[in-house]
Amino acid sequence: MFIKLFKVMTLVLALTTSSLVFSAANDPLFINLSTDEPARASMAINFGKHHSSAGHPLTIFLNDKAVMMGVKAGSTKFADQQQALSGLISSGALVIMCPICLKQAGYMESDLIAGVKLGGPQITGEALFKDGTKTMSW
């Protein structure tokens, strides 16, 4: 009797928790991008692009060393990443810059590339805490 109950409870637990792993058709994706390694950054941006084109609202949060991808001064080293970010912004993605990281890197809001939004509790929080949001970090 105990073994049968254990099997039933295990099955119920597996069925209820396995649905949490899968995303709904339009669950938002929030990518935390902190690297300044071009290949890793491109991987993150392309991952976001793929899922955005599949219908998932996309937010990319630039922080730490990734600040350079969102400022005009990074246009030489990060031309490909900036072009990809601009394309994503044009297609409706939200790219947010960490304001503290921007300041620590010696830049201001006026240094941002077109379309990048300066973050803060409201704009960043709204994107991060939307129901169903999945997060990735690079």
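In this chain, numbering begins with 1 at the start of the sequence shown.
- In terms of heavy atoms, A114 sits closest to I89 at O-CD1, 3.9 Å.
- A continuous path of hydrophobic side-chain contacts links L58 to M43 [ILVMFWY only; heavy atoms under 4.5 Å].
- In this structure the side chain of I45 reaches within 4.5 angstrom of the side chain of L85, judged on heavy atoms.
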- [ ] Determine, step by step, whether M136 and L29 satisfy the side-chain contact (heavy atoms from CB on, under 4.5 Å) criterion, reporting the C-alpha distance in whole Å, the side-chain angles of both residues, the deciding distance to 0.1 Å, and the verdict.
- [x] CA-CA 8 Å; M136 297 283 301; L29 176 60; 3.9 Å; yes

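- From L33, atom CG reaches atom OG of S137 across 8.0 Å, with rounding to the nearest 0.5 Å.
- For the side chain to side chain donor-acceptor pair (under 3.5 Å) condition, the pairs that include at least one residue of residues 58-69, sequence neighbours left out, are N32-N63.
- Looking only at distances, no side-chain donor or acceptor of S52 sits under 3.5 Å from a matching main-chain atom of G48.
- Panel note: side chain T133, backbone K130; a donor-acceptor pair is recorded below 3.5 Å.
- Think of I123 as one node in a network of Ile, Leu, Val, Met, Phe, Trp and Tyr side chains linked at under 4.5 Å; its network also takes in F30, F61, L94, I96, L128, F129.
- The CE atom of M68 sits 9.5 Å away from atom CG of D111, with the distance rounded to the nearest 0.5 Å.
- Here the shortest heavy-atom pairing between A44 and I31 reads O-CD1, 3.4 Å.
- For the atom pair NZ of K103 and CD of E109, the computed distance is 13.5 Å after rounding to the nearest 0.5 Å.
- Minimum heavy-atom separation, G119 to P99: O-CG, 3.4 Å.
- Distance alone, capped at 3.5 Å, places no donor-acceptor pair between the H51 side chain and the H56 backbone.
- Contact record, R40 with W138: O-CD1, 3.8 Å, taken as the closest heavy-atom pair.
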Tell me which donor-acceptor pairs under 3.5 Å the side chains of residues 69-84 have, and how far apart each pair is, sequence neighbours excluded?
| residue | atom | partner | partner atom | Å |
| --- | --- | --- | --- | --- |
| K72 | NZ | S110 | O | 3.0 |
| S75 | OG | K72 | O | 3.1 |
| Q81 | NE2 | P38 | O | 3.1 |
| Q81 | NE2 | S42 | OG | 2.8 |
| Q82 | NE2 | M69 | O | 3.3 |
| Q82 | NE2 | V71 | O | 2.7 |

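- Using a 4.5 Å cut-off between side-chain heavy atoms of Ile, Leu, Val, Met, Phe, Trp and Tyr, with links allowed through other members, L118 and I100 fall into different hydrophobic clusters.
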Task: Working for side-chain contact (heavy atoms from CB on, under 4.5 Å), residues M97 and V67 - done: CA-CA 7 Å; M97 176 65 71; V67 163; 3.8 Å; yes

